[in-house]
Structures are given as C-alpha cells and as structure tokens.
Amino acid sequence: MREDLGLMEGAIDLHIHSAPSLFPRLVDHVEAAEGARKFNMRAVVLKEHHGYTSDRMYFVRKLVNGIEVFGGVVLNNAVGGLNPFAVDAAIKLGAKIVWFPTLSAKNHLDQMGAPAFGKSMQQVNKVSLKEPPITVFDEKGALKPEVYQIIDLVAASDLMLATGHLSIPEAKAVVKEAKKRGVKRLYVNHPEYIINGTIEEQKELADMGAFIEHLAIFMFPMWPTQAGIDGVVEMIKAVGPERTILATDLGQVHNPPPAEGLRMFIRVLLEKGIPANHIHKMVKDNPAFMLNLS
C-alpha cells in the first residue's frame, strides 16, 4: 500500500468544519464522516463556531457506521461566551472537547476586524449584531472566575481543552492553570495562524503539557500563512512528534474535502522529510490520547 494511504488507516482528524454552519461548507456532518470512513480513518471531531456539535453527533452515529464521530462546544458569543453552563450542557450531551473562543476572541477580532476570516471566509448572513470581544483576562490581568469554572468542569470529565483563537499570553495562562487543576488533554490550536506563536513559544507551551496543532488548510492558496509549509515542517521538528497533532481545519467550499486534505498533508510532510513513524504518532496516537480512546 502507498505510504500516505497506509497512514490514513486509523487516522483521527480533530478539526473539521461541516454543515450546518453559518459559513459556507463543502460537506455536511454525515458527508464528512463518510469521507473519512472511505480512507478507513478511526475518528473525526466536527466543529461549529456558533454552538454545539456534541448533541448533533447522536444523529450522525445513527447514519454512519464504521467510524467514530465526536463533537464539542466553542465558547463564542453564540453560546454566551465564557459560559460554564454551556460547557456543562455540552459535557452532558457527550462533548469530547471544549474550545475557548474563536471568532469572538479579542485576539481574533483585533487581527481580522470581524467575526470572519478576511475575504476568504465570510458568514453566510451579514452580521447584524456587534461582536463583543472576549478575553480570559479581567481588567487586572488575572484569569476571570468563569475560566476557573470551565477548567474545573473539563478536568472533572477528563475532556480535551483547546485554546481556540486566544492570544499566546492568554493561552499560556489557561494552559498553566488547567494543568495545575488537573486537565490532562490540552490542545493549542494552529499557532501559525491568528495565534502567531513563535517556535520558542510553541516549545514552551508543549513543555507546559500542551499538544501543538498543525493544519492541512494552510497548504492551500486561500489560506496562506507567513510560515508556509516549510515553516510548519520546522515547527513540527522543533516541538517534536511527541507533542504535535496533525489535523485539517477543512470544510471550506474552496478547499478539498477534509479526508482528502489530510491525505495530501500527510503526503507533503513525507516528501518534506518527516518520517512515517512520526506522522503515525501525530495523526493516530496523539489524537487518540486526546479523545481518551483505548
């Protein structure tokens, strides 16, 4: 079997966007799961910026066999922001992951100017409500009380806690406190985009106990990053496969389907000199740990 296809068997994608969504999507939840199953992938995590996916997975599981599908909640303004009640409900509905704010994060709005992704990705309907910026810090620079509540809920259920689009100082504060309070599965999302984390900052976060995410999406022309694919390879090598996770962030209408995008990402990394056993760890073993799969 071709090496990239072999690595797809049993792979897990922790970051897929699918419909229904307030952004245009190439595939719906069922199609995303079916696409992954065709490559004999083990599991996918489906994400929606404006709410829950944990409850939707009940229906996907009834329609698609042969692959595990999971969801969570993103703590944007659509669910009340840093809202422990939203986290509690998501957990009770079967969430595997809680993301800190993405589109509503102050860091996102400061850089993008809107709850969107520049010209590449706009919400389907024109945004009519002003998006209040969310930060985990209070006016004195300390973590807000509700952040501690969210961390404790995640720790008690042994779930994954992702930093979303928080800034590096925010991510460091959250990771440090979450680790102290018993969260075992810490996930720093795409430091090469919006987060703008240097290699040294990524290594620091990994040393604090977090896994660092790198994504297929940044190989494609509508989502260029300053680092480029060679920069991502450098980041992976610097942090090491033990603390790195490969995912896609795909589902946009101008990009390939998520599963095919993951295959392409794996293929490119192989050709860039990342060893197959390292990719195996980053796309299978580490995501399985994050989902607490045996």
Side-chain angles (χ1 to χ4, degrees), residues 4 7 11 13-17 47 49 99-103 105-114 116-121 162-172 174-175 186-208 210-252 254-256 258 260-276 278-283 286-287 290:
D4 54 344
L7 286 165
D13 189 349
L14 296 181
H15 196 154
I16 292 176
H17 290 283
K47 180 180 181 182
H49 287 296
W99 290 274
F100 272 97
T102 56
L103 304 175
K106 181 180 184 299
N107 180 55
H108 181 105
L109 295 169
D110 285 348
Q111 294 191 51
M112 294 296 178
F117 295 89
K119 294 179 180 179
S120 293
M121 182 64 69
T163 54
H165 294 185
L166 298 179
S167 66
I168 286 291
E170 290 176 294
K172 286 182 181 179
V174 166
V175 167
L186 291 157
Y187 196 22
V188 175
N189 298 119
H190 50 71
E192 62 268 56
Y193 180 67
I194 295 179
I195 315 308
N196 300 326
T198 66
I199 286 179
E200 289 307 313
E201 287 167 334
Q202 293 175 44
K203 290 169 66 177
E204 182 182 353
L205 284 159
D207 288 343
M208 293 167 67
F211 284 82
I212 310 300
E213 173 188 73
H214 293 294
L215 300 170
I217 189 174
F218 303 125
M219 297 195 307
F220 300 109
M222 295 298 285
W223 297 78
T225 63
Q226 188 173 359
I229 187 63
D230 289 330
V232 170
V233 169
E234 185 182 1
M235 294 172 191
I236 291 170
K237 289 179 177 179
V239 171
E242 296 78 15
R243 283 285 161 184
T244 300
I245 286 173
L246 306 178
T248 67
D249 199 5
L250 292 174
Q252 305 78 21
H254 49 239
N255 282 331
E260 173 60 11
L262 183 61
R263 186 206 63 77
M264 294 169 72
F265 193 30
I266 288 171
R267 186 74 204 177
V268 168
L269 292 177
L270 287 167
E271 294 182 11
K272 291 287 183 178
I274 301 294
H278 289 189
I279 293 174
H280 185 287
K281 190 162 191 66
M282 295 185 287
V283 82
N286 293 347
M290 295 297 265

Can you list everything that forms a side chain to side chain contact (heavy atoms under 4.5 Å, CB included) with M112? Sequence neighbours excluded, please. H108, Y193, I194

Is a salt bridge present between E234 and K237, judged by a nitrogen-to-oxygen distance below 4.0 Å? no

What's the shortest heavy-atom distance between F265 and H214, and which atoms? CE2-O, 3.6 Å

Locate the shortest heavy-atom distance separating A11 from L262; write the atom from each residue and the value. CB-CD2, 4.2 Å

Under the side chain to side chain contact (heavy atoms under 4.5 Å, CB included) criterion, do I168 and L205 qualify, and how do the steps go? CA-CA 9 Å; I168 286 291; L205 284 159; 4.0 Å; yes

Side-chain donor/acceptor of E213 to backbone N/O of H190, under 3.5 Å: yes

Nearest-0.5 Å distance, CG of residue L250 to CD1 of residue I217: 5.5 Å

Given side chain to side chain contact (heavy atoms under 4.5 Å, CB included), test I195 with N189 step by step and report yes or no. CA-CA 8 Å; I195 315 308; N189 298 119; 5.6 Å; no

Working to the nearest 0.5 Å, report the span between CG of L269 and CG of D4. 11.0 Å

Rounded to the nearest 0.5 Å, what separates atom CD1 in I274 from atom CE in M282? 5.5 Å

Got a sec, which residues hit side-chain hydrogen bond (donor to acceptor under 3.5 Å, both in side chains) with T244, two or more places apart in sequence or on another chain? none

With side chains defined as the heavy atoms from C-beta onward, is the minimum distance between M264 and M219 less than 4.5 Å? yes

Quickly, which of E204, K203, Q202 forms a side chain to side chain contact (heavy atoms under 4.5 Å, CB included) with E200? Name it, please. K203

CD1 on I199 to CD on E192, rounded to 0.5 Å: 10.5 Å

When rounded to the nearest 0.5 Å, the distance separating CD1 of I212 from CG of N286 is 11.5 Å

Would you say S120's side chain and W223's backbone share a donor-acceptor pair under 3.5 angstrom? no

What's the shortest heavy-atom distance between I245 and F211, and which atoms? CD1-CB, 3.8 Å

Among H165, H49, K47, find the residue that satisfies the side-chain hydrogen bond (donor to acceptor under 3.5 Å, both in side chains) test when tested with T102. H49

Counting distance only, does the side-chain N/O of D13 pair as donor-acceptor with the main-chain N or O of T248 below 3.5 Å? yes

